[in-house]
2 protein chains.
Amino acid sequence: MDVDTRLLRSFKAVAEDGSLTRAAERLFISQPALTKQIRQLERCVGARLFDRSKAGMALTGAGRALAGTATAVIEAWDAAERAVRAAEAEASKVLRIGFLASAANEKTQAILAAFRERRPDWRVELRQAGWGDPTAALASGEVEAAFMRLPFPDQDDYRLLPLLTEPRCVAMAAGHRLAARESLRFEDLLDEPFVAAPAPTGAFRDHWVGAAAREGREVRIGAVTEHPDDWLSAIANGDGIALAPQSAARYYARPDVVYREVSGVAPSTVALAWPKPPPRDGALADFIAAAVECADDSA
Amino acid sequence: MDVDTRLLRSFKAVAEDGSLTRAAERLFISQPALTKQIRQLERCVGARLFDRSKAGMALTGAGRALAGTATAVIEAWDAAERAVRAAEAEASKVLRIGFLASAANEKTQAILAAFRERRPDWRVELRQAGWGDPTAALASGEVEAAFMRLPFPDQDDYRLLPLLTEPRCVAMAAGHRLAARESLRFEDLLDEPFVAAPAPTGAFRDHWVGAAAREGREVRIGAVTEHPDDWLSAIANGDGIALAPQSAARYYARPDVVYREVSGVAPSTVALAWPKPPPRDGALADFIAAAVECADDSA
DNA sequence: AGTATCGATAACCTCTGGTTATGGATGTGG
DNA sequence: CCACATCCATAACCAGAGGTTATCGATACT
């Protein structure tokens with residue numbers, strides 16, 4: 001019998017958090033829809049996969065068997081998708097590179113130039129990814145590599161080449177009461193509301209609200225944004241402040257947003273990331289070589 | 001993005017015979033439906049997979065990339081399905097065994113008895129498979145093992161345990177002009193129409209029309225059947241004659257069908273077949289052990 | 001006991017995915 | 001050289017899959 005991989009992804013989500021309701025909102029569908037999906041999957045494999053109880057959904061033996069193998073199916077498909085995209089790109093001499101908002105900065109141009117030198121007849125297509133699901137484009141092969149800021153979710157599934165490291169500063173509304181001070185300590189910001197990335201990004205979000213420097217103190221979330229424009233607007237709007245790489249002061253300068261030095265937070269590293277089965281000989285290999293050439297030794 | 005494995009199977013079919021029209025009839029859907037499926041798949045991966053021409057469909061570079069990886073996805077899913085079915089069977093203490101029509105004979109009872117001795121609390125469910133796609137039930141784990149007659153399609157994908165070998169005879173309508181003779185030579189039957197299995201079964205069909213003993217002479221197909229009842233009816237009806245294992249004379253005796261010895265055709269072997277990743281410790285292992293115990297040494 | 005929570009169900013609507021019938025382009029045989 | 005067969009694309013149509021909101025019944029917690 002046949003399945004849609006979407007059913008498998010839904011199944012995994014339900015299996016992971018043991019609840020239809022929660023999984024449904026994580027998947028951005030309604031709970032009844034997810035109920036139907038799970039029933040359909042059960043009909044498809046001919047076995048009950050969950051024990052329903054008021055406390056939630058618990059895997060049955062059959063369910064556990066599927067949980068152990070479903071991932072392999074999804075990964076096989078993702079790999080197939082990547083293979084197709086890579087072949088397609090090869091044929092049309094286009095290299096698709098993603099960049100996480102605010103990860104593309106001065107380095108980018110140098111790397112592109114070095115790549116053009118190696119493959120003059122190729123074109124590089126840059127695609128911006130939101131903070132919502134930053135690795136999605138990489139996983140499906142929609143881009144063959146991406147400039148990312150570390151850490152990001154499922155980072156270990158990829159090869160990483162650190163490119164540069166830069167201090168972080170703090171961005172705030174021009175009229176913010178702390179904006180008058182030339183430089184700040186992170187301790188001064190502990191109680192400020194922050195403009196943050198969506199919660200599912202885990203370690204990424206944590207890093208940018210300075211979780212490591214908080215010693216467990218909860219952060220106040222003033223707003224959640226996915227894209228630089230929203231982010232800047234939220235900051236300018238006074239919804240909260242945010243940590244930002246120093247280069248943001250140059251790339252995202254606005255009259256209603258100021259950037260101030262801040263002490264006591266770790267710097268931020270930009271890396272090039274690509275799927276683990278590394279490129280055999282394609283254009284991506286040349287792009288990586290170009291990146292290696294341009295990388296800061298310190299990073 | 002997500003796919004239905006059906007799309008992948010359709011894609012494979014089209015890729016294999018390079019024609020929408022032919023693939024469509026092999027898949028038992030209309031040609032426009034298949035056209036849509038392929039377009040949908042192309043939309044899904046974001047690349048053209050085929051070059052359309054009047055001569056047929058030829059894979060593009062991207063198509064070749066998918067052809068190389070799609071099989072892995074399908075196999076991963078089939079394996080997942082098997083795992084679920086196996087877990088389900090384990091939980092309910094049911095072992096599902098398939099048998100190709102006319103493969104179940106005296107041996108079966110002995111094996112079942114030997115298995116019952118090892119696992120008294122288990123139940124064995126026997127499921128008959130048609131000749132149309134005899135390995136389907138095995139591939140999807142609908143049954144965990146099956147009694148098959150060799151050869152059968154994709155035979156190498158399974159572990160095989162030969163159980164017995166028996167001569168083949170010929171079945172024909174009681175009123176057939178050759179029915180009067182007590183025994184026949186296969187040469188006498190070369191021009192007779194045969195009742196055969198469906199064409200896609202390849203080597204299996206060939207074996208049962210005696211292709212090996214024909215030295216290339218075409219067989220006349222009088223009828224195509226999938227199940228023993230149709231088969232017997234077609235023979236009784238005079239649509240053609242057929243080779244049959246000797247035991248068929250006992251298990252499929254009918255007043256309007258006679259079985260006659262025939263010389264010059266190889267005997268037929270019955271084997272137990274199960275998917276290659278062999279059972280670790282489950283009930284299937286005991287079933288196989290029971291079968292080993294009952295197997296003819298000669299087979 | 002009252003309430004919040006969780007999964008199941010019902011009613012409804014849209015769009016997917018199938019069908020048949022037909023068209024246009026390209027080789028092929030008389 | 002024309003008639004024809006073949007192959008894929010398209011159109012029109014129809015059933016059902018798969019989503020939504022609203023509601024229910026059962027359980028656990030306060």
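Computed from a predicted structure; not experimentally measured. Proteins come first, then strands; the chains are lettered A, B, ... in the order of their sequence lines, and each starts at number 1.
Distances shorter than 4.0 Å separate some side-chain N or O of B:T21 from OP1 or OP2 on D:dC8. Of the side-chain N and O atoms in A:R39, one or more sit less than 4.0 angstrom from OP1 or OP2 of C:dT9. In terms of phosphate contacts, B:R22 brings no side-chain nitrogen or oxygen within less than 4.0 Å of OP1 or OP2 of D:dT6. Contact check, A:T35 against C:dG7: no side-chain N or O comes under 4.0 Å of OP1 or OP2.
In this structure, the separation between OG1 on A:T71 and CG on A:D78 is 11.0 Å, given to the nearest 0.5 Å. For the atom pair CZ of A:R220 and CG of A:L190, the computed distance is 11.5 Å after rounding to the nearest 0.5 Å. The distance from the CG atom of A:L138 to the CE atom of A:M148 is 6.0 Å, given to the nearest 0.5 Å. Interatomic distance, B:R149 CZ to B:Q155 CD, rounded to the nearest 0.5 Å: 13.5 Å. Rounding to the nearest 0.5 angstrom, the gap separating the CZ atom in B:R96 from the CZ atom in B:R85 is 6.5 Å.
Atom CG of B:D51 and atom P of D:dA9 are 11 Å apart (whole Å). The distance from atom CD of B:E25 to atom P of D:dT6 is 12 Å, rounded to the nearest whole Å. The interatomic distance linking B:E42 (CD) with D:dC8 (P) rounds to 13 Å, in whole Å. A straight line from CG of A:L27 to C1' of D:dT20 spans 16 Å, rounded to a whole angstrom. Distance, B:I38 CD1 to D:dT10 C1': 17 Å, rounded to whole Å.
The two residues B:A129 and B:L100 have their closest heavy-atom pair at O-CD1, 3.9 Å. Among all heavy-atom pairs drawn from B:F204 and B:P153, the shortest one is CB-CD, 4.1 Å. Of all non-hydrogen atoms in A:A197 and A:R205, the two that sit nearest each other are O-NH1, 3.0 Å.
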- prompt: So B:T35 and B:Q31, side chain to side chain donor-acceptor pair (under 3.5 Å) or not? Walk me through it.
  reply: CA-CA 6 Å; B:T35 296; B:Q31 169 258 315; 3.1 Å; yes

- request: Using a 4.0 Å heavy-atom cut-off, write out nucleotides 13-19 of chain C from 5' to 3' as B (base contacted by protein), S (sugar-phosphate only) or - (no contact).
  value: ----BBB

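Comparing the helix axis at one end of the helix from C:dA1-D:dT30 to C:dG30-D:dC1 with that at the other, each defined from 5 consecutive pairs, gives an inter-axis angle of 20° (nearest 10°).
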